[in-house]
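Below, chain A is the first sequence line, B the second, and so on; all start at residue 1. Computed from a predicted model, the values in this text were never measured in an experiment.
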There are 2 protein chains.
Amino acid sequence: MSASTGRRERLRQATLEEIHAAARKLLVEQGSAAVTVNAVARRVGMSGPALYHYYAGHDELVGAVTAGFFRELAAAMEQARDARPGAPTGDRMLAACRAMRAWATAHPAEFGWIFASPIAPPDRRPDSARHRAALRFEQVLLDLTVELWRTRPFPVPDPAGLPASLREQLTAYSAAIGGRLPPEAAHVFLSCWIRLYGLLCMEVLHQLDFAYTDMEPVFEECLRDLAAALGLAYSGPPDA
Amino acid sequence: MSASTGRRERLRQATLEEIHAAARKLLVEQGSAAVTVNAVARRVGMSGPALYHYYAGHDELVGAVTAGFFRELAAAMEQARDARPGAPTGDRMLAACRAMRAWATAHPAEFGWIFASPIAPPDRRPDSARHRAALRFEQVLLDLTVELWRTRPFPVPDPAGLPASLREQLTAYSAAIGGRLPPEAAHVFLSCWIRLYGLLCMEVLHQLDFAYTDMEPVFEECLRDLAAALGLAYSGPPDA
DNA sequence: ATGTTTCCTTAGTGACTCTAAATAATCTAG
DNA sequence: CTAGATTATTTAGAGTCACTAAGGAAACAT
């Protein structure tokens, strides 16, 4: 068997990327419904069933494309996070959040595709590339929150004030992330995550068009809230 | 021409409802992808193209079904709102919010369909039945907020502290709702709306499965936050 | 040079959306 | 009560989709 750098393997990788790019272009230009096996194959110059030598079917193709989007989004956030290594954790967190929205607004079709996948639950198998990429994406803000918690702990609610069932779930989640955050801190993290993610979700799904035409200041207001919740200084958008 | 209660018209309405029910059953039992023109027609006992005499195509059928879901959701919220006419506005608002989540969790497929429609943006024409039903849905909490604002004004941010572009949009929205809320109050309303809607969005799209298995206490925590923001007394879930 | 693996094509199946034409049922007018 | 218009529904068919199967051609290994 040839090594991983064999000529064939290289060609195969190139074709995979070409397929990936074609699918993305199709998505951006004509919407998610246009991303069909046949259409993608046509774009890369091969006809129909040839694509089945690269992906087992439509779902797997969709999953691979989605994973790529997640990776790109995570990379953008990681880059923003690491752009100024010496800066306070809070600033780097705000930068990562803004990078998330920047990617989302620069690539609305891709961001929408991530959530409202034409086929929502199928590729949610915990071993899929999509799942791994999604984990990496979720990890970015979690890591920053952990760092913040270690260096400059934020205020947390009294665990006794939380409902018992919520406390149990938080304890389980705290264990799932290796105890890097205690349950109360995990609650704060998840609350922030929900607000951030939910807002972008709604923006991208156009659920707020009835009230807002430009979501940027709304997003900044949300960031201000989150900064307050995390006890960190809110510094306005970089170019404002 | 016959009156609106002609026999034919009645038959047609009955068929429309039958189509509607068949589509919904298909959605619930086999997922959104199963809601095809052919499958729906088969279920109502007619074959294929006959359905085109009731809907111009797949998109219109989807839109009609979605509008029905919106109406049902709005009705459930209105019923909760009006269940205890003498109760404080705050209690009735919490009841309406809980009714929203109750409907969403009782009909996850339908609620998910509302957002991640197989065909997202096309039937977003401002004159469609879907759009009107969505407006009615949005109106429920808006009405309650207006009532609250008139009877027991909630704290609002200083307009001078808001970014100019946000202020402009809020002014426009305030005008769009007939000035029933001033821009600052509209901002509070929209913030609450975004948090509520965003949370349910994420729950239904299973974006929080990585941390929570039971979202009910999370939702109640959110309600508690919103109650605080609106300056009203939080009263726990009715049956807890 | 031979055999194997990989890639890609054509052909074909069953499903889908939707159009067109023909047929059956129903209502309306004289 | 019958003739014509309207409506409901059917079958046929075009075009596309996902996917399978079978075969040819190229690249690879030995």
### Message
Looking at Glu72(A) and Arg24(A), is any side-chain nitrogen of the basic one under 4.0 Å from a carboxylate oxygen of the acidic one?
### Response
yes
Every protein N/O lying under 3.5 Å from an N/O of nucleotides 6-9 of chain C:
from	atom 1	to	atom 2	distance (Å)
dT6(C)	O4'	Arg8(A)	NH2	3.3
dC7(C)	OP2	Arg12(A)	NH1	3.0
dC8(C)	OP2	Tyr54(A)	OH	2.5
dC8(C)	N4	His53(A)	NE2	2.8
dT9(C)	OP2	Ser47(A)	N	2.9

### Message
Let me check the geometry of the helix from dA1(C)-dT30(D) to dG30(C)-dC1(D). What is the bend angle between the axes at its two ends, five pairs each, to 10°?
### Response
0°
### Query
Where do Phe111(B) and Thr105(B) land on the side chain to side chain contact (heavy atoms under 4.5 Å, CB included) test, with the steps shown first?
CA-CA 8 Å; Phe111(B) 196 82; Thr105(B) 53; over 6 Å; no
### Message
Between P on dC16(C) and OH on Tyr55(B), what's the gap in Å once rounded to a whole number?
### Response
19 Å
### Query
At their closest point, which heavy atom of Gly48(A) faces which heavy atom of Val37(A), and how far apart are they?
O-CG1, 4.4 Å
### Task
Name the orientation class of the two ring planes belonging to Phe70(A) and Phe137(A) (parallel below 30°, tilted from 30 to 60°, perpendicular beyond 60°).
tilted
## Note on the structure
Rounded to whole Å, the CG-P distance (Leu11(B) to dT26(C)) equals 9 Å
### Query
Salt bridge or not for Arg92(B) and Glu147(B), using N-O below 4.0 Å?
yes
### Message
Tell me the interatomic distance from Asp59(B), atom CG, to dC18(C), atom P, rounded to whole angstroms.
### Response
6 Å
### Message
Output the rounded distance in Å from NE2 (His58(B)) to C1' (dT17(C)).
### Response
9 Å
#### Entry: Separation of atom OH in Tyr52(B) from atom P in dC16(C), rounded to whole Å
11 Å
### Task
Among Ile194(A), Val218(A), Leu223(A), find the one that has a side chain to side chain contact (heavy atoms under 4.5 Å, CB included) with Leu199(A).
Val218(A)
### Task
Carefully, step by step, assess Arg71(B) and Glu78(B) under the rule salt bridge (charged side-chain N to carboxylate O under 4.0 Å, His left out).
CA-CA 10 Å; Arg71(B) 278 194 299 270; Glu78(B) 287 164 358; over 6 Å; no
### Query
How are the rings of Phe69(A) and Trp103(A) set to each other: parallel, tilted or perpendicular (split at 30° and 60°)?
tilted
### Task
May I ask you to decide whether Glu216(A) forms a salt bridge with Arg101(A), counting only side-chain N to carboxylate O separations under 4.0 Å?
no
### Message
Side chains of Arg98(B) and Glu220(B), heavy atoms from C-beta outward: is any pair under 4.5 Å?
### Response
yes
### Task
Grab the two heavy atoms, one from Asp214(B) and one from Ser165(A), that are nearest each other, plus how far apart they are.
OD2-OG, 4.5 Å
### Task
Pull out every residue in residues 34-43 of chain B that has a heavy atom closer than 4.0 Å to any atom of DNA chain C, ordered by number, or say none.
Thr36(B), Val37(B), Asn38(B), Arg42(B)
